[in-house]
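Note that the coordinates shown come from a computational prediction; the quantities given were computed from them, not determined experimentally. Each chain gets a letter, A, B and so on, in the order the sequences are listed, and its residues count up from 1.
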2 protein chains.
Amino acid sequence: MASVYTETPKAGITGSTDAAAAAAAAAAVPPVAVVTASERAYRQLRDEILDGVLAPGAGLLEVEQSDRIGVSRTPLRAAIARLIADGLVAGRAGRGFMVTEMSVDSIHELYELRRALEEHAARIAATRRDPLVFLELREQFRAAPELLLHGEAGLHRYYALIDDFDDALDAAVGNPFLVAALANVRTHLARIRRLARHNPARLRAAAAEHLLIIEAIVSGDTSLAAHATHVHLHQSLSNVLAALEANPAAPVD
Amino acid sequence: MASVYTETPKAGITGSTDAAAAAAAAAAVPPVAVVTASERAYRQLRDEILDGVLAPGAGLLEVEQSDRIGVSRTPLRAAIARLIADGLVAGRAGRGFMVTEMSVDSIHELYELRRALEEHAARIAATRRDPLVFLELREQFRAAPELLLHGEAGLHRYYALIDDFDDALDAAVGNPFLVAALANVRTHLARIRRLARHNPARLRAAAAEHLLIIEAIVSGDTSLAAHATHVHLHQSLSNVLAALEANPAAPVD
DNA sequence: TGAAGCTCCTATGTATACATAGAATTCAGG
DNA sequence: CCTGAATTCTATGTATACATAGGAGCTTCA
C-alpha cells in the first residue's frame, strides 16, 4: 500500500525523524496515500477494538459503522471480513456482528499458542540470527530500565523497543508462515496488554527476561533461548492474570 | 434466501410444482442448505485451489470467476477476501489476484510451523486426552495397513482415518487458537499432499508413526508424543521432498 | 528503427438499490 | 393476565452501475 503513515492523526512525537522517513519514502514511491476506503475502515475498527474503544461484546452494525467511519457499506463489509479472519469479530446468528470476548480461559489458550510459537521461534533465531542485530538489541535492553524512569515518553520508547525485538525475531526466523502466526498472536495480545500495563516492576523484570533471551540468541544457545522464552511467557501470563485478579471489572475505561 | 438454486435465472416455468417442493422441503428440514452465494464461491474456489485445478500462479479475475461460478462480483469478492486471509490467494499490484505459489522453500517453512504446532499439540493431547477416543483410534490404526490393500476405497478410508486422528487431536487440545492455527497449516498441507500421494510404502510407514504417537497419547507420555510427532513430520517432509525431486515439474495437469 | 508519450482498455474499488430472513413487537384470543 | 401467532422492522446478502488507477498497445517523432 502506498503510504504507511496515513493514519495516526495525533501521533508524531518523534517529529522530524518520522517526517524525514516519510519524505524519503514518498520520494521513492510516487503513488502517495491512495489508501482504499476498506483499508481505512479496517485500520480504524482494528485500532478501536485493540484499544478497547469498541468493547468486547459490542455489536457492530454495518450501516451504523459505515456511517460513522464515512465509507459505504461495501468497503466496510470487506473490513469486517478481515476482522473476522483476524478473530477480532464474530458473526452473530441473525443479529449482526460483535467484537469477540476475551475470557480468562481464552487468555490461557492464547498463551499456550504463544508458547508453542515463540519458543520455536527463539530456537530458530538462535540458529539463524544476524549477531550484529541482536548485539545492538542487547545494548538497548541493557539501557531499558533507565527508560522506565522517564515517564510516558520513556514508556513509549520501551514499548517501541519490544517491537524492535519482535521485528528482529521475525527477520531472524525468516519464515512467512511462522511470522504470520506470530503476528496473529500479537494482535490478540495487544488487547490483553491494556489490562496489565503501567506496572514498572513487571516491566523491569520483563526487560531482564528479554535480555536473557537476546543473550541466548546472540550466543547461539538454542536450548537456553527456548527455555528463557518459556520463563518469560510464564511470568508475563502470571502478571496478566494477577492484574485481572486485582481488577476483574471490564478493562474498558 | 430466495431459492437455493438461483443459478437458473430463466427457469420458473414449472411454477406450482417447484413451489410445492420448496414448501415441503422447508417443512421437513427447516435449516435447509441456505448456503450463501459467497460461501458457495469460497468453497468452490478453495477446493479448486487445493485440488490444483486452479494452478499456483493462476490469475483470478473477478468478472471471469463470478461469471463462471454463477454469482455476482460482490459475494465473489468476499470469497477472495477469505482466500487471501487463508493465504491461498495474493493480490497482485495492479493486475488482479493470483493463486499463491508453493515453492520448495515454502514447504520447508510450512513444515517448520507444523512442527512447532503439532509437537506442542501432541504434548497437550497426551495430558488432556480422553483415553477412550485414542484407544479406539489405536485399533483403527492397527488395522490401517490392511486398508491399503483394498484399492481406491481403502485409500479413502485411510485418509478419513487420518482426518479422524486430527479431529481427535483438536478435541483433546481444546484450544481454539491452537486449533485454528493447525487448521491453517492443514489447508496449505492439502496442496502439498497432492504431490506425494499414491505411495503405499510411505503410507504404511506413516500409519506406524501415527500408531506410536497415539500410544504415547494414550499412555500420557508427553515427551514421547512430542518426539514421535517430530519423527513423523521429519519422515513426512522427506517423503514430500523426495516426491518433488522425482517429479520436479508442476503437479498441475 | 527505436523510443517516448498518449490513449484506450481492463480490472478493481465504491456506492447504492433491492431482496430476504430472523427477531422483536404487538394484537387477539383464551 | 398470559400465550401464541402474525406482522413489522431491522440488518445482512446480493446485484449492478459507476469511478478510477494502472498497464498494454499504438502512434508519432527523432
Tell me which donor-acceptor pairs under 3.5 Å the side chains of residues 173-189 of chain A have, and how far apart each pair is, sequence neighbours excluded?
residue : atom : partner : partner atom : Å
A:N175  : OD1  : A:F177  : N            : 3.0
A:N175  : OD1  : A:L178  : N            : 3.2
A:N175  : ND2  : B:E109  : O            : 2.9
A:N175  : ND2  : B:E112  : OE1          : 2.9
A:R186  : NH1  : A:D170  : OD2          : 3.0
A:R186  : NH2  : A:D170  : OD1          : 3.2
A:T187  : OG1  : A:R46   : NH2          : 3.0
A:T187  : OG1  : A:A183  : O            : 3.0
A:H188  : NE2  : A:D86   : O            : 2.9

Set of residues satisfying side-chain contact (heavy atoms from CB on, under 4.5 Å) with respect to B:R82, sequence neighbours excluded: B:E39, B:Y42
So which pairs with a foot in residues 69-78 of chain A pass salt bridge (Lys or Arg N to Asp or Glu O under 4.0 Å), sequence neighbours left out? A:E62-A:R73, A:E62-A:R77
Return the set of residues passing ring-ring contact (aromatic ring centres under 6.0 Å, His included) with A:F165 (not counting sequence neighbours), or none when no residue passes. A:H210
Nearest-Å distance, CD (A:Q65) to P (D:dA11)? 12 Å
Identify which nucleotide among D:dT12, D:dA15, C:dT12 has an atom closest to any side-chain atom of A:R77, counting heavy atoms from C-beta outward. D:dT12
Rounded distance in Å - CE (A:M98) to P (C:dA23): 16 Å
Considering residues at least two apart in sequence or located in another chain, which fulfil the side-chain hydrogen bond (donor to acceptor under 3.5 Å, both in side chains) criterion with B:E48? B:Q44, B:R68
Without decimals, in angstroms, what is the distance between B:R40 CZ and D:dT14 C1'? 11 Å
A:E62 CD to D:dT10 C1', straight-line distance once rounded to whole Å: 12 Å
Between C1' on C:dG13 and CZ on B:F97, what's the gap in Å once rounded to a whole number? 10 Å
Run the side-chain contact (heavy atoms from CB on, under 4.5 Å) test against A:A81 and tell me which residues pass, sequence neighbours left out. none
Would you give the length of the straight line joining atom CD1 of B:I107 to atom CG of B:L244, rounded to the nearest 0.5 angstrom? 4.5 Å
By side-chain hydrogen bond (donor to acceptor under 3.5 Å, both in side chains), which residues pair with A:T100, not counting sequence neighbours? A:R191
Rounded to whole Å, the CG-P distance (A:L76 to C:dG13) equals 16 Å
Listed by chain and number, what are the side-chain contact (heavy atoms from CB on, under 4.5 Å) partners of A:H108, not counting sequence neighbours? A:V104, A:L237, A:L241
Separation of C:dT14 atom P from A:I69 atom CD1, nearest Å, is 13 Å
Which residues in residues 79-89 of chain B have a heavy atom closer than 4.0 Å to any atom of DNA chain D? none
Is there a donor-acceptor pair under 3.5 Å between the side chain of B:D51 and the backbone N or O of B:V53? no
Atom CG of B:L61 and atom P of D:dG23: how far apart are they, to the nearest Å? 15 Å
Measure all distances between protein nitrogen or oxygen atoms and nitrogen or oxygen atoms of nucleotides 16-18 of chain D, and list the pairs falling under 3.5 Å.
residue : atom : partner : partner atom : Å
D:dT16  : O4   : B:T74   : OG1          : 3.0

NA contact type, B:L60, heavy-atom cut-off 4.0 Å: base, sugar-phosphate, or nothing? sugar-phosphate
Sorted by chain and number, sequence neighbours left out, side-chain hydrogen bond (donor to acceptor under 3.5 Å, both in side chains) with A:Y111 holds for A:R114, A:S236
How far does the helix from C:dT1-D:dA30 to C:dG30-D:dC1 bend, going by the axes of its first and last five pairs, to the nearest 10°? 10°
